[in-house]
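Below: the structure, in structure tokens.
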Protein chains: 2
Amino acid sequence: MSPRQIDTQTRQDREQELLDAAMKLISDQGVEGLTMDKLVGSVPYSKGTVYGHFSGKEDLLLGLCNRGMALLISMFKRAELFEGATRERLLAWLFGYQLYARLYPMFFMLVITAKSPGVAEKASERQREKHIQLQAALSGGLLGLIQQALESGECGNPLNMTAEQIAFANWSASFGSISLLSKGADKCNIRAELMLEESLLMNVSLVLDGLNWSPLSSEFDYNPVLERIRREIFADEIEALRAEKN
Amino acid sequence: MSPRQIDTQTRQDREQELLDAAMKLISDQGVEGLTMDKLVGSVPYSKGTVYGHFSGKEDLLLGLCNRGMALLISMFKRAELFEGATRERLLAWLFGYQLYARLYPMFFMLVITAKSPGVAEKASERQREKHIQLQAALSGGLLGLIQQALESGECGNPLNMTAEQIAFANWSASFGSISLLSKGADKCNIRAELMLEESLLMNVSLVLDGLNWSPLSSEFDYNPVLERIRREIFADEIEALRAEKN
DNA sequence: ACCTGAACACCGTTCAAGT
DNA sequence: ACCTGAACACCGTTCAAGT
């Protein structure tokens, strides 16, 4: 209620406004269509003001990436509530990741560009700190789930890997499948999108079978589980994806 | 010997010269340090001449990517000669991929940027054709190896995947592991590089065990095989990597 | 104290003018 | 026919001048 309070409030609103405008530019014209000039032009503030919020283009990019990660975290929070064996809940987690990559391809790609030395080092301390904090929140839930599976013995873990190594194996299998398959699938290519879903699940199944994580895909039909995940957890996202097609 | 012959020869030489100069700029100043202005400045030709070889920056990028792929193909050709069971030869293949990513991180990353709609569409028809041709050569060897393993029964293939799907599972597991782990490992970070090697092999082992590709990693010690791969096939690359550290 | 936008250095690309 | 480099539109960033 003090003037200072109001000031920081309007300041935060304006920052969100800038991020909104930047996202609109990206979804209209692609990542390379995002320009400080265009951003300033699409917003009722001057260059100096924009630079008062983001120290430069790299800082803005990391700010966008962080917004995307917060969104992904909210999806994972919902996936954690899915009822089922640990492997089924992990499936919900991975399905959410793939939905996220399809709904917000710009955010998915920003994670890579944000980690490249060129941008990470030029960004502000504030956004960098936020980034590693979000990263920790992101992997925290996954690690907890894996630890549970190790303790209950559902994950046989024949190679005696650590929970972190298992998490990395799952993440990199998903990340590799998604990034190799979603190159030019921006629009219309519905077959490519279905292939992404199918390939991702198959590749992750191999990893989980290799980990001896029961029930193995040879002993259990995961299709009804997937159907439940789609209906119970991510109905909104799937609807949004369908709406986007038209 | 005709004048035309000589002309195309000098033209090809000049194109290689331009690619050499571009590579030097990238390895000195990073990918974003590559600029048409700087390239022209580092070479005894004018802007117009450079644009006579590459229709624009995207075309140059794809040209560099293609050069990297040709280099990777030559490494895979050697890996194919490795003597051993199919799973051992696949290991040689993947080990080569990881060495390539460490030796030429710029080439490894260029494959992603080259596939992004922004650059692929702006590049010339010539480089685009070359690119898909190289891509076919690249996956051809891997597919042949997998088919062999399927026919001999060494790969149990419990999920009844096609050879293409198996190839994609291996490729995406490798790609994901490498790209997530080699973010800022440019220099000095020797622990991160060893971790890359270890993580990649572990993640791929899970996939291959999930495929029931014998001998399973629980029944067979692959470390001596790796040692043979290092010594018999990639001794030069490992030496180059060591030399680069100093 | 906060905001503005002219100014600067650099970028990718083109094309009239030279040889 | 081939090459040159001035010129153009656009980019990210800064900072003296305003309020």
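Since this is a predicted model, take the numbers as computed values, not measurements. In the text below, chain A, chain B and the rest are named by the order of the sequence lines, each starting its count at 1.
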Listed pairs, N/O of protein and of nucleotides 9-13 of chain D, under 3.5 Å:
from, atom 1, to, atom 2, distance (Å)
D:dG12, OP1, A:Lys57, NZ, 3.3
D:dG12, OP2, A:Met36, N, 2.7
D:dT13, OP2, A:Tyr51, OH, 3.0
D:dT13, OP2, A:Lys57, N, 2.9
D:dT13, O4, A:Lys47, NZ, 2.5

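Neither OP1 nor OP2 of D:dC2 sits under 4.0 Å from any side-chain N or O of B:Thr49. Side-chain N/O atoms of A:Arg14 include one lying less than 4.0 angstrom from OP1 or OP2 on C:dC3.
Within the structure, every pair that satisfies the salt bridge (charged side-chain N to carboxylate O under 4.0 Å, His left out) test and touches residues 127-146 of chain A, not counting sequence neighbours, is listed here: A:Glu125-A:Arg128.
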Counting only pairs under 3.5 Å, give me each side-chain donor-acceptor contact of residues 107-114 of chain A, with atom names and distances, residues two or more places apart or in other chains.
from, atom 1, to, atom 2, distance (Å)
A:Thr113, OG1, A:Leu110, O, 2.9

Show me, pair by pair, the donor-acceptor contacts under 3.5 angstrom made by side chains of residues 53-62 of chain B, not counting sequence neighbours?
from, atom 1, to, atom 2, distance (Å)
B:His53, ND1, B:Glu15, OE1, 3.3
B:His53, NE2, B:Arg14, NE, 3.0
B:His53, NE2, B:Arg14, NH2, 3.3
B:Lys57, NZ, B:Leu34, O, 3.1
B:Asp59, OD1, B:Ser124, N, 2.7
B:Asp59, OD1, B:Ser124, OG, 2.7
B:Asp59, OD2, B:Ser55, N, 3.1
B:Asp59, OD2, B:Ser124, OG, 3.3

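Looking at residues two or more places apart in sequence or on another chain, you find a side-chain contact (heavy atoms from CB on, under 4.5 Å) between A:Asp37 and A:Thr35, A:Lys47. Scored by the side-chain contact (heavy atoms from CB on, under 4.5 Å) test, B:Val50 finds B:Leu18, B:Met36, B:Leu39, B:Val40 as partners (sequence neighbours excluded). Residues satisfying the side-chain contact (heavy atoms from CB on, under 4.5 Å) criterion with B:Leu145, sequence neighbours excluded, are B:Thr86, B:Arg89, B:Leu90. Legend: residues meeting side-chain contact (heavy atoms from CB on, under 4.5 Å) with B:Ile238, ordered by chain and number and at least two apart, are B:Phe95, B:Leu99, B:Arg230, B:Arg242.
In DNA chain D, stems built from 3 or more consecutive Watson-Crick or G-U wobble pairs, each with both distances under 3.5 Å, span C:4-8 with D:12-16, C:12-16 with D:4-8.
A donor-acceptor contact closer than 3.5 angstrom is absent between the side chains of A:Tyr100 and A:Glu237.
Straight-line distance from the CG atom of A:Leu18 to the C1' atom of C:dC3: 14 Å, rounded to whole Å.
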